[in-house]
Amino acid sequence: MSQLAVLFTSVALVVIGLYAAIFVDNIIKKIIGISFIEEGANLFIVGIGYKSGGIVPILAPNMDVSWFTANASYPLPYGLVLTSIVIGASTLAVMLALVMVLYRRYGTLSTKVMLADTSKQEEYDE
Amino acid sequence: MKLYDQIFNVVKTFKKLFSPGPVTNADVSGSITSEIFLIVSLLMSALLLRHLSILLTGLVLLILAVVLITNIPLIPKFKIEQEDSLEKMLFYAIVTLGIIVAFMYWGGNFV
Amino acid sequence: MLEIILMIIIVVSAILALIQKDLLNAAILTGFSGGALAVLFQILLAPDVALTQAIVGAAIVPVFIALTVKKTQRSDD
Amino acid sequence: MNELIPLMVIVPMIAALLLSAFSKFDKVIKVLAFVVAFCLPIIPLVSNYGLHYFGGYQPVLEPITNMTYHPAITYSFNFMQQIFIAIIGLLTFLVIFIYLTKYKKVSGPYLFLVFMGTAAVTALILTDDIFNMFVFFEILALAQVGIVAASSIDYSYEMALKYMILGSIGSPIMLLGIGFLLALTGSVNITDIVLAIRSGIVNFKSPVFLISLGLIFFGWLYASGLPPFHTIKSGIYSKAEPHGAALLQSFTVISMISIVLILFRVYSVLPIFEVLIVLFSVLAMILGVSLALTQTDFRRMIGFLAVGELGFIGLGIGLGTQFSITAGLFQALNEIVITALLFIGFGAIVNATNEVDTRKLGGLLAYHPKVSIMLLIGGLAMAGVPPLSGFQSKLMLVQASLSCGYPELSILAIMVSIATFVVFVKTFYSMFLRPKPHDLDVVTKDVPRAMIFAMAVLLIIVIAFGLFPDVVTNGISQYVGGMIH
């Protein structure tokens, strides 16, 4: 039950993020939305390792090993998520830094203006 | 003669879109090549459907050929959709993601 | 029960963050969502992930966004 | 000397960190960057083949199911990895050499990005661990963004931000796919995953497995710049400095083949996998070349041509036989060298004229005969003219698709080659052969010696691979044979 709820929440976060990526015009909000995709993926991976009614996967000295392996949740995904959270934060920081630089040039946060088509081939006459 | 006139008109509209100025030899050959290449290669890749069903291939080929040839200055239309703005790129990326996931979920086992 | 409430907080504050007119509010709501996610990680038996997420999601990311908002503009138009 | 395997990643990474730490001292970083860059192609050549387990955790035999598990992050090093890492190391050396001779004052952060990117692609191609692949994929994306943003070309920041936003959609989606795969198999080691699928523990007809393919495949599309990401990929090539673009395209090619080989090992049990790859490769070929025909900015034109050439690699891998995958990998190797040659050569022209519009150029043959001859040979190699290396790999691809029973694919491949030839000849004519326009002032100073040197080295490789393809293809073919069975 709980695992299914986690799955739904993570899918909801991913969908919110994808919606923001297409339909929100403000670049900062778009970046916030995109960070929700990352959070959704992280939540999903943590949900994989979760075992309902289990214990935290830390082996204390007085624990029986076979009881521990039967009851502890699966720790591998947690290690992955740690890395992924930090990567997500650094990506976000780089994006925001680029936004600050570009704001100085354009004076607006609208994606339509800031990140418009730049491949227009200039007029040329012989 | 009629086909040549048509192609010449294509080149003129093409030039108008990107760069005003007299039409030169290199421009004509370049844009004719790109038009013909696009049509032929799309038709050729549609031929790959014959591994699924031959009837479908014939139908798709006919429709595709008619649609492509009647819309003949294709590259300008094509290029407007392939520009550099973030909106278009994001839109196509997410549409592709949707198509891939939906197709995999419902049709992945039937190929 | 607590996890259901936390999930609702996460999703609702995510949606609210995207419809704010004031970008500073959006940054704060992002912090809400990240903090609730950290507590949820703790409930899902991942204390180490929860610690990292609490620092990154509830403190660093909102501060970054708020700094950007301060350097650019506050209202969304 | 198996201990050298992790060093291939560690040496450029440590060099990157030192360079950014000592960026105040100009002399020191110049010497350090040169020495490390010189070592990069040598390390893989003197290293022995084998596996490396990080932390020394050997594989364990599970007594109940009688299967081996890999608890450590594993790097596997073989002939295929050796040749690709050597080529990427050589290219990094040439790029660093050009950069160091071009600027009086070098920037530590830029060198940091270059070395970090090299370390990331090296790790991507060595790793046998799907999460390790994801981490280095992200580091690579950040390094690429940095290299683009560091150039002083107009709109480079915009292009970098666009690439980053698209990337931060592509990579979480890929992470989700890895999550689905992890949920199904409980492991991130690819050998273990493949074993679990082959031995029937995992039902490969289940929708979860299919969805994980779809999600990781989307991430792969972003990494390799196939449609719908072909516009952004060609865009970042055109907004980077020419030597940076030469490096960026090699990063793209290597991340493409390393991820697709992992995907091939895991998902080749599904027939739809090969359909997907062939479909997107054909699209990339058609779109890349037909858009390249309409460009007037020649940097953008080579960018689109590079995307079109990526389709050939995908085609070879999508056909799925030993011969075709060998052909695809050989094509990847050739594309790295040839496209780098073209980027550096056209960069020399930008250096001399400050002009990127082909309509405003002309008559440069008289000014830069060496560059133009080398560019001509490079372009012919890309179009597949014998006896150059592009010809050998494209011939192999055409033969492979014929023997698989898809003659239409081989006709398509030949047509794309011809169109590539047309694009190149058209540009070459308008830049070098036709009379010089009056308003074009060519700076009479020479093209930097380092660029000529780099082009000559790459040209020698192109001709050598064209004359003796067996040196490479035999080894790759053995590797592919071991991977398929």
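By convention in this document, chain letters (A, B, ...) are assigned in the order of the sequence lines, proteins followed by strands, and residues within each chain are numbered from 1.
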Point-to-point distance, once rounded to the nearest 0.5 Å, from CG of D84(B) to OG1 of T231(D): 6.5 Å
Portion of V95(B) that has a non-hydrogen atom of chain D nearer than 4.5 angstrom: neither
F103(B) and I272(D), any side-chain heavy atoms less than 4.5 Å apart: yes
Atom group of I286(D) that falls short of 4.5 Å from chain B, counting heavy atoms: both
Minimal non-hydrogen separation, E408(D) against M44(B), with atom names: O-CG, 3.8 Å
Toward chain D, the part of I100(B) with a non-hydrogen atom under 4.5 Å: side chain
Which portion of L283(D) sits near chain B, non-hydrogen atoms under 4.5 angstrom: neither
Heavy-atom closest pair, residues T33(B) and L293(D): C-CD1, 4.3 Å
Separation of F209(D) CZ from M104(B) CE (nearest 0.5 Å): 9.0 Å
Atom pair CD1/CG of I169(D) and L97(B) - distance to nearest 0.5 Å: 9.0 Å
Neighbour count >12 (heavy atoms, 6.0 Å) for atom CZ, F273(D): yes
Contacting moiety of V416(D), where chain B heavy atoms sit under 4.5 Å: both
Residue I165(D) versus chain B: region with a heavy atom under 4.5 Å: side chain
Residue part contacting chain B, namely of F217(D), when any heavy atom lies under 4.5 Å: side chain
Nearest heavy atoms of P228(D) and A93(B), plus distance in Å: CG-CA, 3.7 Å
Smallest separation among heavy atoms of R50(B) and G405(D), with atom names: NH2-O, 3.8 Å
Contact class of L409(D) relative to chain B, heavy atoms under 4.5 angstrom: side chain
Residue L276(D) versus chain B: region with a heavy atom under 4.5 Å: side chain
Portion of I411(D) that has a non-hydrogen atom of chain B nearer than 4.5 angstrom: side chain
OG on S45(B) to CE on M415(D), rounded to 0.5 Å: 8.5 Å
Option in L287(D), L210(D), V208(D) with maximal non-hydrogen atom pairs under 4.5 Å from chain B: L210(D)
Residue F428(D) excluded, over 12 heavy atoms near CZ under 6.0 Å: yes
Winner by heavy-atom pair count (cut-off under 4.5 Å) against chain D, out of L38(B), L47(B), L48(B): L48(B)
Atom group of F304(D) that falls short of 4.5 Å from chain B, counting heavy atoms: neither
